[in-house]
Amino acid sequence: MHRRIFVPGALAAACLLLAVPASAASYAPGAPGIGDPYYPNYGNGGYDVSHYDLRLQYRPATDELDGTATILARTTQDLSRFDLDFLLDVSEVRVNGAKAAFATSGEHELVVTPKTPLAKGTAVTVVVRYSGVPSTKTAYGFSTWHRTPDGAVAADEPEAAWWWYPSNDHPLDKATYDVSIAVPDGTQAISNGTLQSTSSRLGWTRYTWRQNKPQATYLTTLAVGRFDITTSTSEGGVPVVNAYSKDLGDNDGAARASVERTGEIVDWLSGCLGPYPFGSAGGYVPNTTTGYALETQTRVYYSPRQFANGSNTSVVVHELAHQWYGDSVSLKGWKDIWINEGFARYAQWLWSEHEGEGTAQDLADYVYASHPADDPFWTVAPGDPGPDNQFDTAVYDRGALAVQALRNEIGDDAFFAVLKGWPKEHAYGNASVADFQRYAERVSGKPLAALFDTWLFQPVRPAGAAARAAAVADAAAAPVRPKSWKKIEATNDVHGH
């Protein structure tokens, strides 16, 4: 995981005070971080974004990206200046039509000073003109921009936006999107939501995509390349758009055999988690060398390596379950990652049950028995794993054990009411582990603090009566491996970047 510390210099602060008129003494800079303890300088303070309009042009041969980002926001304090998270080269910034001063700071901050300070509650339109070669940019020693033989992909977690558009990069500030990108004829551009239009002119084709539901910045994706695109509609009426690089080689068949079941799986998940929360679904498989998948909203990113050993619908279930748990209901802070990963993994367990390859209880028994008391697995607390363990296997598997423990404690009727009700209760918003515990207690009518503490926060293997979620008759006996386990295990590193 990648963290940084930003401490404004005393001189810079003094200069700012001199620059602000006495009548504007109450105006202050927005914080260079939104306040997440895992990533103190991700996101920004002082404003809330409602919409991003991105108008782009990309040249695959040279990796050159030109863009104009129009950001609609509202100030949440009297604001003298504010930050955007961004890495490319900026030529102009305007705030409410007037040219604004701008400068870079630290590893990934664009500091914008409006011509006049902005009062709290002011509607703000920010226009940023920029260009650059994303593959030449790094922050904290890494890049989330992935070149491919025929283009590039932006997809990563917990950050990806900096390499292609300026943003308030934290899940707390969700927004709607219009992404319009021109690429050379014969190349396609894929993003989230629904395709609004395509048009061709002078050797360029422009694709315009719209996401009309709030979306976290890390869930916004862009893929440029030569794709075979398939479209369909699920039996439940959800439009599906899938895309496959034309040079996937031996992985092509397995990728299609998995991802083409998206509509079927969305409909099945709707029976478990409630109505699908978005206007489209789908996935894409570019020719990248990465090894992970990511739940980019409505258009899941899969690496070819996910299908190197054959088809795997389990990974498709995992990423599609995130559309409810992670995308529609997003975490308040990165420490709340269990709500994303524990439930996406548990959806795989339910799919195993559906496919007759081992029940969720069978899988819980197997996971519990596979990790003796001295296994470091039990020292990771899924309810607050820390930034270095955010995507540890324990967050997935111990996280799913916690979900099974909840199911056993409150019974199936209340459990499935919680599974369906939670995404409805917090649709398109943000929530924490504590919020989930309170919701489960309200729906079930049972106190659950001890159960949540045992399974999510204690750095030890639950024992005795607490282990009823994994009712292993003989802990010393070799665990019986469910048929589905191999494919589930193959997704252990889906977010291992």
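The residues of the chain are indexed from 1 along the displayed sequence. Keep in mind that the numbers below use all heavy atoms, side chains included, and drop hydrogens, waters and symmetry copies.
Under the 3.5 Å distance criterion, with hydrogens and angles disregarded, a donor-acceptor pair is assigned to the side chains of Asp384 and Tyr38. Trp351 and Thr313 form a side-chain donor-acceptor contact under 3.5 Å, judged by distance and modelled atom types alone. A donor-acceptor contact closer than 3.5 angstrom is absent between the side chains of His322 and Gln297. Under 3.5 Å, the side chains of Glu357 and Ser352 contain no donor-acceptor pair of N or O atoms. Side chains of Tyr284 and Thr221: a donor-acceptor N/O pair is present below 3.5 angstrom, by distance only. Using modelled atom types and a 3.5 Å distance limit, the side chains of Glu260 and Asn242 yield a donor-acceptor pair. A donor-acceptor contact closer than 3.5 angstrom links the side chains of Gln361 and Gln404. Side-chain contact, Thr217 with Tyr52: no donor N or O sits under 3.5 Å from an acceptor N or O. Asp435 and Ser432 share a donor-acceptor pair across their side chains, judged by distance under 3.5 Å alone. With no hydrogens or angles considered, a side-chain donor-acceptor pair links Asp453 and Gln458 at under 3.5 Å. In the model, Lys137 has no side-chain atom that pairs as donor or acceptor with a side-chain atom of Ser143 under 3.5 Å. Checking Tyr292 against Arg305 by side-chain atom types alone, no donor-acceptor pair falls below 3.5 Å.
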Dump the intermediate steps for side-chain hydrogen bond (donor to acceptor under 3.5 Å, both in side chains) on Lys120 and Thr76, then the final yes or no. CA-CA 5 Å; Lys120 181 179 179 179; Thr76 57; over 6 Å; no

Derivation and outcome, side-chain hydrogen bond (donor to acceptor under 3.5 Å, both in side chains), residues Thr491 and Gln348: CA-CA 10 Å; Thr491 66; Gln348 294 175 268; 3.0 Å; yes

Applying side-chain hydrogen bond (donor to acceptor under 3.5 Å, both in side chains) to Arg299 and Ser280, what does each step give before you reach the verdict? CA-CA 8 Å; Arg299 195 102 325 106; Ser280 68; 3.3 Å; yes

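Aromatic pair Phe343/Tyr396: centroids not less than 6.0 angstrom apart. A distance of 6.0 Å or more separates the ring centres of Phe278 and Trp324. For Phe86 and Trp162, the ring centers are positioned 6.0 Å apart or more. Outside the 6.0 Å centre-distance limit, the rings of Trp338 and Tyr325 are not counted as a close aromatic pair. When ring centroids are compared, His108 and Tyr42 come within the 6.0 Å threshold.
Cation-pi geometry between Arg210 and Tyr177 is not satisfied (NZ or CZ under 6.0 Å from the ring centre, within 45° of the ring normal). Annotation: cation-pi pair Arg461/Tyr368 present, NZ/CZ under 6.0 Å from the ring centroid and within 45° of its normal.
Electrostatic pairing of Glu341 and Arg398 does not count as a salt bridge here, judged by no charged N lying under 4.0 Å from a carboxylate O.
Between His426 and Tyr439, the two ring planes are perpendicular [angle over 60°; tilted spans 30° to 60°]. Under the 30°/60° scheme for interplanar angles, the aromatic rings of Trp268 and His354 are found to be tilted.
The closest side-chain heavy-atom distance from Phe307 to Val315 is below 4.5 Å. Counting heavy atoms from C-beta on, the side chains of Pro304 and Thr288 come closer than 4.5 Å. Annotation: side chain of Ile71 is not in contact with side chain of Tyr165 (no heavy-atom distance under 4.5 Å).
In plain terms, the two heavy atoms of Tyr276 and Thr298 that are nearest each other are OH-CA, 4.0 Å.
With a 6.0 Å radius and a threshold of 12 heavy atoms from other residues, nucleotides or ligands, Asp412 has its CG atom above the threshold. Residue Asp375 places its CG atom among more than 12 non-hydrogen atoms of other residues, nucleotides or ligands, all under 6.0 Å distant.
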